[in-house]
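This structure is a prediction, so every number in the text was calculated from the model and none was measured. Note on naming: letters A, B, ... go to the chains in the order of the sequence lines (proteins, then strands), and numbering restarts at 1 for each one. Side chains are part of it too, since the values below use all heavy atoms of this structure and drop only hydrogens, waters and symmetry mates.
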There are 2 protein chains.
Amino acid sequence: MNLDTITIRDIARELKLSVSTVSKALRDSYEISEKTKKLVSEYAAAHNYRPNPIAQSLKKGQSKSVGIVVSSVDNQFYSQVINGIESVAYKEGYNIFITQTHESFDLELKNVTHLTHRSIDGLLISLSSETKDVEHLQALHKKGLPIVFFDRVTDDINTHKVIVDNFNGAYNATLHLLQSGYKRIAHITSPAQLSITGGRLNGYKQALTDNGIAVDERYIKYCMHGGKDFDEIEQAVNELLAMKERPDAIFTASDRITTSVLSLLHKNNIAIPQQVALLGFTNTLLGEVLNPSLSTVVQPAFEIGKQSMELLLGIIKSKHPVTKFETRVLPTALFERNSSRRS
Amino acid sequence: MNLDTITIRDIARELKLSVSTVSKALRDSYEISEKTKKLVSEYAAAHNYRPNPIAQSLKKGQSKSVGIVVSSVDNQFYSQVINGIESVAYKEGYNIFITQTHESFDLELKNVTHLTHRSIDGLLISLSSETKDVEHLQALHKKGLPIVFFDRVTDDINTHKVIVDNFNGAYNATLHLLQSGYKRIAHITSPAQLSITGGRLNGYKQALTDNGIAVDERYIKYCMHGGKDFDEIEQAVNELLAMKERPDAIFTASDRITTSVLSLLHKNNIAIPQQVALLGFTNTLLGEVLNPSLSTVVQPAFEIGKQSMELLLGIIKSKHPVTKFETRVLPTALFERNSSRRS
DNA sequence: ATGAAAGCGCTAACAC
DNA sequence: GTGTTAGCGCTTTCAT
């Protein structure tokens with residue numbers, strides 16, 4: 001739809017000037033007399049002129065917009081990250097476009113393609129849980145599109161990244177469960193190819209071995225769709241509950257998985273933490289008021305978004321190609337509540 | 001950024017054809033021979049040609065994109081609505097841009113302006129809680145921008161709307177509290193100017209008077225920022241708790257308010273429902289596992305999004321200006337759980 | 001200080 | 001069946 005009724009051409013015609021003079025006057029060029037500038041800007045204001053950003057983008061190849069790709073905004077962690085991104089974007093006059101992959105590689109590809117073709121100046125992305133191959137992003141990166149990864153990153157592309165200390169977050173969480181007296185600690189996590197999975201898994205394993213407990217692979221369950229499918233989480237929980245040596249605690253590795261496991265334990269009438277304790281990564285604001293109050297590993301989501309956008313703007317605004325990149329690792333916070341109370 | 005290295009011009013040069021022939025071949029025009037079409041499309045595929053939608057938009061004044069404006073994606077209701085919108089948008093080849101107002105009129109204006117200037121074909125919007133004047137939308141509507149309102153609508157613009165039956169949702173909720181034995185039922189709601197506020201307030205009042213209970217205005221609290229500010233909700237709760245005739249139940253009118261009130265009652269060590277019962281509008285998936293399990297009025301959020309997008313596409317695709325509009329009113333569902341159990 | 005004109009990538013009248 | 005050309009709204013040399 002073309003809603004901008006008045007164009008630079010209209011102004012030129014009315015004021016008996018050329019389009020270029022009007023364009024320059026509007027952009028406050030030194031070539032134009034103050035008198036003309038005043039004339040033009042007043043006419044423009046009076047007629048509510050707005051430059052057409054589509055035409056500007058086409059011409060300048062720059063859009064003052066950045067794209068965001070997350071798996072789902074229906075997730076406190078990502079919505080908080082987005083708020084952090086917005087906090088710096090708006091301040092700098094950038095607009096953002098939010099898209100969701102729903103953990104699908106195809107949708108990730110589609111969204112990234114659409115965003116880049118609508119001329120974004122940069123991309124902020126957390127990979128879908130299906131994504132194994134990042135060639136689509138590699139290609140864009142090589143063409144010079146500024147990209148910053150957060151949360152779920154890839155080693156295959158050298159650019160800025162903002163993540164949390166997944167290893168220590170998981171280590172401390174598992175340690176807390178051990179210190180609370182739990183011995184058979186299960187772990188339900190995302191697909192192995194996700195960057196976050198490895199760090200959290202290793203932290204969990206290390207805490208066990210450091211405390212003289214052997215890692216039992218039967219206690220480790222992967223949700224291939226990153227928790228998008230309630231069914232796969234249910235299957236994991238059911239398998240754990242059916243074990244002869246049933247785990248006495250579950251450590252969950254992502255937002256959706258954590259809250260879903262809580263629901264499933266309720267559904268199965270499992271007393272928490274008496275029969276099975278629960279502690280997991282989640283940024284829900286409701287930890288305190290869940291039944292029982294939920295022990296959580298919380299990520300500084302707003303800060304992740306803020307720093308990601310700052311780094312992205314650094315690349316966008318840089319005069320020279322950026323070749324030196326950094327990976328920021330932020331700390332997580334452990335909230336010990338009743339779901340992991342000493343049994 | 002211009003990332004589309006290969007353009008229609010490049011293809012034309014390589015194949016020794018004109019740009020228009022290539023353009024037509026790509027668009028499968030009847031004027032072009034099969035042989036040429038094949039040649040062009042194969043070359044395009046081989047070189048990963050993608051049309052530049054910016055240029056297409058500029059030319060055609062059409063973008064195959066729609067904009068969404070909600071107060072915050074950090075809200076289960078809106079994120080579910082968005083999923084509903086996406087479900088039909090993707091099927092029809094449309095992309096969506098999500099923006100947030102954070103209940104600010106200024107941000108609403110800014111987002112709407114940005115979206116329309118980036119050439120969207122239509123707008124789906126739920127008003128911010130600050131919005132009293134809809135002139136900015138009125139102007140776009142008059143210029144012919146297809147708009148569909150959902151959730152928080154306005155009477156001042158005649159277009160399609162998708163809402164829920166707020167009156168009956170609130171009536172039935174209040175009735176349930178009355179039937180459970182509660183007598184002094186407070187109501188915490190959004191600002192009075194929001195469309196949803198009136199319906200819910202009236203349903204609440206009607207249920208009281210139908211049951212011989214006089215409406216007491218001191219029991220009705222408005223949160224001027226729609227629950228965005230935790231502080232204003234806290235103040236409302238504190239005022240209610242400090243009353244000599246303290247309410248024995250609270251009926252809350254929106255997602256954020258409901259969960260915040262639950263947190264606040266916990267914080268004040270109020271036994272739910274023994275001291276104060278709680279029931280409210282919310283689309284949280286965690287109702288069952290809250291402490292106590294939370295009685296809720298749930299909206300068909302996905303369906304709201306789906307129908308809104310269908311109606312919007314109806315306007316977009318219509319050959320003639322649409323003048324006959326409808327308002328769809330969907331039912332809410334009441335889930336009776338422990339927070340409103342008979343005391 | 002101002003204007004003419006080219007061009008961003010594409011589409012579509014209108015030629016040939 | 002294919003090519004030429006103008007133009008979407010804007011910016012930007014390059015003239016004047």
What is the distance, rounded to the nearest whole Å, between atom CD of A:Gln56 and atom P of C:dG7? 21 Å

To the nearest Å, give me how far apart CG (B:Asp10) and P (C:dC10) are. 9 Å

Think A:Tyr49 has a side-chain N or O under 4.0 angstrom from the OP1 or OP2 of D:dC10? yes

Nearest whole angstrom, please: distance from the P of C:dA4 to the CZ of A:Arg9. 12 Å

A:Lys24 (side chain) and C:dG3 (base): donor-acceptor pair under 3.5 Å: yes

Side-chain contact test, heavy atoms from C-beta onward, threshold under 4.5 Å: evaluate it for A:Ile6 versus A:Tyr43 and give yes or no. yes

Side-chain-base donor-acceptor pair under 3.5 Å for B:Ser20 and D:dT4: yes

Taken to the nearest whole Å, CZ/A:Arg50 to P/D:dG9 is 17 Å

Sugar-phosphate only, base, or nothing, as touched by A:Ser57 at under 4.0 Å among non-hydrogen atoms: nothing

Ignoring hydrogens, what is the shortest heavy-atom contact between A:Thr154 and A:Lys161? Give both atom names and the distance. O-NZ, 2.8 Å

Under 4.0 Å between a side-chain N/O of B:Ser33 and OP1 or OP2 of D:dG1, yes or no? no

Looking only at non-hydrogen atoms, find the nearest pair between B:Arg152 and B:Ser129 and report the distance. NH1-N, 3.5 Å

Could you check whether any side-chain N or O of A:His160 sits under 3.5 Å from a backbone N or O of A:Thr327, counting only pairs where one atom can act as donor and the other as acceptor? no

Are any side-chain N or O atoms of A:Glu130 and backbone N or O atoms of A:Ser104, one a donor and one an acceptor, separated by less than 3.5 Å? no

Is there, by distance only and without an angle test, a donor paired with an acceptor across the side chain of A:Lys59 and the base of C:dG7 below 3.5 Å? yes

Please report the end-to-end axis angle for the helix from C:dA1-D:dT16 to C:dC16-D:dG1, five pairs per end, rounded to 10 degrees. 50°

Can you tell me how far P of D:dG9 sits from CG of A:Asn52, to the nearest Å? 7 Å

Any chance the rings of B:Phe105 and B:His136 have centres within less than 6.0 Å? yes

Side chain of A:Ser18 (C-beta onward), nearest among C:dG9, D:dT2, C:dG3: C:dG3

If you assign each of B:Ile54 and B:Thr21 to its closest nucleotide in DNA chain C, which residue comes earlier from the 5' end? B:Ile54

Tell me the interatomic distance from A:Glu31, atom CD, to C:dA4, atom C1', rounded to whole angstroms. 13 Å

May I ask you to verify if any side-chain N or O of B:Thr7 is less than 4.0 angstrom from the OP1 or OP2 atom of C:dG9? no

I need the CZ-P distance between A:Arg13 and D:dC10, as an integer number of Å. 12 Å

I'd like to know if the side chain of B:Ser318 and the backbone of B:Ile315 have a donor-acceptor N/O pair within less than 3.5 Å. no

Between A:Thr131 and A:Glu108, is there a donor-acceptor pair closer than 3.5 Å when you use the side chain of the first and the backbone of the second? no

Both A:Lys37 and A:Val19 contact DNA chain C. Which one's nearest nucleotide lies toward the 5' end? A:Lys37

Round to the nearest Å and state the distance from A:Arg27 atom CZ to D:dT12 atom C1'. 10 Å

